[in-house]
Trainee: 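Quick one: this structure, given as C-alpha cells, is what I'll be asking you about.
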Amino acid sequence: MSRDHVHSAERADADPPPNSSAASASGATTVPESSAEAPFLELLARGASADAFEEPLLHARTEGRPADRLAALEHAKLLALRVRSELEGRRRREAELSALFETAHDLAGLRDLDAVLQAIVQRARSLLGTDVAYLSLNDPARGDTYMRVTEGSVAARFQQLRLGMGEGLGGLVAQTARPYVTDDYFKDDRFQHTATIDAGVRDEGLVAILGVPLMLGHHVIGVLFAADRRARVFERAQIALLGSFAALAAAAIDTANLLTETRSALAGLEHANEIIRDRSAVIERASDVHDRLAELVLRGGGVHDVAAAVSEVLGGTVEFTDATAAPAQALEAFRTEGHAVRHEDDWIAAVAAGGELLGALVLRGQPGIDPVDLRTLERAAMVTSLLLLARRSAAEAEQRVRGELLDDLLDARDRDPRLLRERAARLHADLDATHVVLAARIDGPAADADQEADARRRLWSAASHLAATRHGLAAARDGGTVLLLPLDPGDTATDLARRTARHLGTAVHEAVTVGASAPIEDLAARRDSVPAAYEEGRRCLEALHLLGRAGDGAAAEDFGFLGLLLAGDRDIAGFVTRTIGQVVAYDERRGTELVRTLDAYFACGMSPARTKDELHVHVNTVAQRLERVGHLLGDDWQSPARALEIQLALRLHCLAVAPTSH
C-alpha cells in the first residue's frame, strides 16, 4: 500500500459519521450513542458473522427510525465491524505467533532435523489453510533439488520428485531468492515447465502454489511451498508467514549442519592434540625462538631483527610490512580470529596494539606449515608490536616538538624565520619547500566522551607518525588533527588529501575525512600563510562532510563554483531565503516535505513519474506538492532561469542545514 493510500485511510478513519456533527450543532434530539451500540456489542459478544451486523440497521430502517438514529447506528456498525476485524486479525496473529514460537522451541531443542522440518510444514499448512505443504532442498552433489518433507500429499510420484536446478516454480524462487505465487500453475509461463514436474503436479492435482526461499546467508538452499487444489489468491500476510516458517526451517538446517561441523571440529582437535603430544621437537624449537625474541627485546632490537630471527627458526622468509602494503582482507581476518591467516602461498599475522593496526609479519612461500610454527609467527607479531610501541614512546617527545612548531606557525606568532627554519631542520622538515595544510577529522558517532577522546588520540598518533615519515608536522586542533606536509613534484593537493584520508582511515580503522589547502610556499617568512591555509582546509573538510563524502579527501579546487561560494563572504543565507524561503517556512509550519520533493523533482529531470519512484509516493502526491510549490513560488518557477536559481538555493540550503560537527 502506498503512503498516500495510508494517509487517505487515516483521513477516512478520522472523519465523523454523516449528519452526526450537524445534528449536534443544530440541537436536534439524538438517541444516546450507547443505545445505538448495544445491538452491535451483543453481536460482537457472540461472535456473529459480518453479514449479521447489517440487521440492526435494516430493522431500524424498516421501523422508520429518524435519520439521526440511522446515522448513529451506521457509525456504531462501522466501529463494531472494525473491532471485529481487529479481533479476528489478533486471533490470527496469535495463532501464527504461537506456531512460530512452538517451532522455535522445537528448533532450540533440536534432536531430529526431520521431525522439526515436518512440524514446520504441518504448521504452515494448517495456518495457511492449504491442501498441501512441502519443502524441497538443493543437492549440491547431484546438482538438483529433491523433495524433503511433504504434508497433505497423496501422490507417490509427487513425493519422490527430483528437479533439475532452475526448473518449475521452485527454480524461479531459487534463481531470484524471492517468493513467487501462481494462481494457476499450468497457465503460468513465468517459469520453466518440464514433463516430470508437470506430471507430478498433475498427479497431486495442484493449481495454486506459493513458494518462498530457504536462505542461509545469501544462498538459497531450498524452497518451502504451500499449495491448493483450486484457484486461490494468497494474501501478503500469508506470504510473510510462510517466509517466517522458511527462515526457521533454514535455521534448523543450519543448526544441524553446525552440530555436524562442531563434532567434526572436536574430532580434529583431538587429532591435533595427539600430534602436539608427539611433536616435542617442534615445541622445543618454539621455546628456542621465544627465548631469542625475549633477548631481542631486552637489547633493544628492531622489527627487522625479529623478522630475521623468525626466518632462521622457521626456515623461510619472514618480512615486516606496513599495514597499507598488506592484504586488507587478511589483516581483518586476523583481527577477527586472532590467528595467522593464509593468503595465497603466504601466511600473515597482523601487528596490532589495541585497536590500531601497526603492520604485519608475512611468512613467504610456505602454504603448508606446522600449527606450532604458526603460533610462533603469531607470537613474533606480538613482540613486534611491543617493539613498535616502545619506539613510539620514544618518538612521542619528537611528535610534541613537531606539534609545538606547527602551533607556532598556525598562531602566526612573531617568530624569526631563521629560528623557525632551524627548528624545522632539527625535525628533518624543510619550510622552504612547497607544503599543503590538511585538516583531518574522524567521521562517525562516538558512544561516549571517553571513546571520542580515544579516537582523537589515535588520530593524532597516526597523523604524527605520518608527518614524521613524510618530513612534515602534525598537531591536534579543533577536535581533529592538522598536518603540514610537503608536496611532491607532479603531485596535487587533492591527491595528497585523498592519500592521507586513506592512510589515516586504515591506521585508526574509522572513516577519516581530510580537507586540503592550496599549495603554499615560503611559509616561514609569510606569517599569515599557514593560518589562512588551515582555514581553507577546514572549509574543504566541512564541505566534504556536508556533501556526505565522509572518509574522502579533497582540496578547494575540487568544489568548483560551490567551493567559491563556501569560501567567500557572500550572503548565502539571504539568497536561500529570497529564493525558496516560502517553501522552507511552509515545511517548518506544516511538517510537510515540499523541499525534499522539490529536490527530488529536479534530480529526476523534472519528471513526476520518476520523482514518485524516488520518494516512494503516489504520482498524485507529487502533483499536489508541486502545485503547492507553484502557489508559493509563482507560476514561472519552472522556467529555466528560475529553475537554476531554485536548484542552487536547494543545494545551499541542504549544505546549511546539515550537521557540521560530530
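In this text the structure is predicted, and so the values were computed from the model without any measurement.
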Trainee: Can any side-chain N or O of R458 pair as donor or acceptor with the backbone N or O of V508 at less than 3.5 Å?
Mentor: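 Judged by distance alone, yes, a pair lies under 3.5 Å.
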
Trainee: With T130 as reference, evaluate R232, R229, E151 under the side chain to side chain contact (heavy atoms under 4.5 Å, CB included) test and give the passing residue.
Mentor: R232

Trainee: With a 6.0 Å cut-off (strictly less than), is the heavy-atom count around CZ of R178, excluding the residue itself, greater than 12?
Mentor: no

Trainee: Is the H193 ring parallel, tilted or perpendicular to the F186 ring (thresholds 30°, 60°)?
Mentor: parallel

Trainee: Do the side chains of E204 and V154 get nearer than 4.5 Å, heavy atoms only?
Mentor: yes

Trainee: Let me see the working for L598 and L594 under side chain to side chain contact (heavy atoms under 4.5 Å, CB included), right down to the final yes or no.
Mentor: CA-CA 6 Å; L598 195 55; L594 297 185; over 6 Å; no

Trainee: Strictly distance-based, threshold 3.5 Å: is any side-chain N or O of Q159 a donor or acceptor partner for the main-chain N or O of S153?
Mentor: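 The answer is yes, because a donor-acceptor pair under 3.5 Å joins these two groups.
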
Trainee: Does R456 form a salt bridge (Lys or Arg N to Asp or Glu O under 4.0 Å) with E452? I'd like the steps, not just the answer.
Mentor: CA-CA 6 Å; R456 290 180 180 179; E452 182 176 359; 2.8 Å; yes

Trainee: Determine whether a donor-acceptor pair (N or O, by modelled atom type, separation under 3.5 Å) exists between the side chain of D188 and the backbone of R190.
Mentor: yes

Trainee: Out of the candidates T611, N620, T597, only one should pair with R625 under the side-chain hydrogen bond (donor to acceptor under 3.5 Å, both in side chains) rule; please name it.
Mentor: T597

Trainee: Do you know which two heavy atoms are closest between L242 and A124, and how far apart they sit?
Mentor: CD1-CB, 3.8 Å

Trainee: Output, in order, the C-alpha distance, side-chain angles, deciding distance and verdict of side chain to side chain contact (heavy atoms under 4.5 Å, CB included) for D443 and H545.
Mentor: CA-CA 8 Å; D443 275 287; H545 176 72; 3.2 Å; yes

Trainee: Can you label the angle between the Y134 ring and the F158 ring as parallel, tilted or perpendicular, going by 30° and 60°?
Mentor: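 The rings of Y134 and F158 stand perpendicular, inter-plane angle above 60°.
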
Trainee: Report yes if the side chains of V121 and T150 come closer than 4.5 Å at any heavy-atom pair, otherwise no.
Mentor: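 A side-chain contact under 4.5 Å is absent here.
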
Trainee: Could you go step by step and tell me if M147 and L163 meet the side chain to side chain contact (heavy atoms under 4.5 Å, CB included) rule?
Mentor: CA-CA 9 Å; M147 200 74 70; L163 318 176; 5.9 Å; no

Trainee: Closest approach of P179 and I239, non-hydrogen atoms and distance?
Mentor: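 Residues P179 and I239, closest heavy atoms: CB-CG2, 3.9 Å.
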
Trainee: Could you grab the distance from atom CD1 of I348 to atom CD of E319, nearest 0.5 Å is fine?
Mentor: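 Answer for the CD1-CD pair, I348 versus E319, is 11.0 Å.
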
Trainee: With a 4.5 Å limit on heavy-atom distance, are the side chains of V629 and Y601 in contact?
Mentor: no

Trainee: Indicate the atoms forming the closest heavy-atom contact of A511 with G551, along with that distance.
Mentor: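 Shortest heavy-atom separation between A511 and G551 comes out as CB-CA, 4.0 Å.
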
Trainee: Given 3.5 Å as the limit, does a donor-acceptor pair link the side chain of T182 with the main chain of A208, or not?
Mentor: no

Trainee: Nearest 0.5 Å, please: how far is CG in D139 from OG1 in T145?
Mentor: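 Separation between the atoms: 8.5 Å.
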
Trainee: Apply side chain to side chain contact (heavy atoms under 4.5 Å, CB included) to the pair I197 and Y185, showing each step before the final yes or no.
Mentor: CA-CA 11 Å; I197 303 174; Y185 176 85; 3.2 Å; yes

Trainee: Taking all non-hydrogen atoms of both residues, which atom of A226 and which atom of L128 are closest, and how far apart?
Mentor: CB-CD2, 3.8 Å

Trainee: Just by modelled atom types, is the L172 backbone N or O under 3.5 Å from a matching donor or acceptor in the T176 side chain?
Mentor: yes

Trainee: Any idea which heavy atoms bring V512 and A440 closest together, and the distance?
Mentor: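 Answer, listing the atom of V512 first, then A440: CG1-CB, 4.2 Å.
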
Trainee: Is there a donor-acceptor contact under 3.5 Å linking the side chains of Q175 and Y180?
Mentor: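 Short answer, no.
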
Trainee: For the atom pair CG (L135) and CG (L117), what is the distance rounded to the nearest 0.5 Å?
Mentor: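 These two atoms lie 6.0 Å from each other.
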
Trainee: Do D346 and R364 come within less than 4.5 Å of each other through their side chains, counting heavy atoms only?
Mentor: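 Result yes, sub-4.5 Å side-chain heavy-atom pair found.
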
Trainee: So, taking the atom named CD in Q238 and the one named CG in L210, what distance separates them when rounded to the nearest 0.5 Å?
Mentor: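 Between atom CD of Q238 and atom CG of L210 there are 8.5 Å.
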
Trainee: Just so I know, are the side chains of M215 and V220 near enough to count as touching, which here means a heavy-atom distance under 4.5 Å?
Mentor: yes

Trainee: G168 and F191: which non-hydrogen atoms are nearest, and at how many Å?
Mentor: O-CB, 3.5 Å

Trainee: With rounding to the nearest 0.5 angstrom, report the CG to CD1 distance, L248 to I253.
Mentor: 11.0 Å

Trainee: Any heavy-atom pair between the side chains of L137 and L214 that's under 4.5 Å?
Mentor: yes

Trainee: Working to the nearest 0.5 Å, report the span between CG of L206 and CG of D228.
Mentor: 8.5 Å

Trainee: List in chain and number order the residues that pass side-chain contact (heavy atoms from CB on, under 4.5 Å) with L78, two or more places apart in sequence or in another chain; answer none if no residue qualifies.
Mentor: E74

Trainee: Could you check R162 against E167 for salt bridge (Lys or Arg N to Asp or Glu O under 4.0 Å), going step by step and ending with a plain yes or no?
Mentor: CA-CA 10 Å; R162 292 193 74 97; E167 297 176 352; over 6 Å; no

Trainee: Between R498 and R502, is any pair of side-chain heavy atoms under 4.5 Å apart?
Mentor: yes

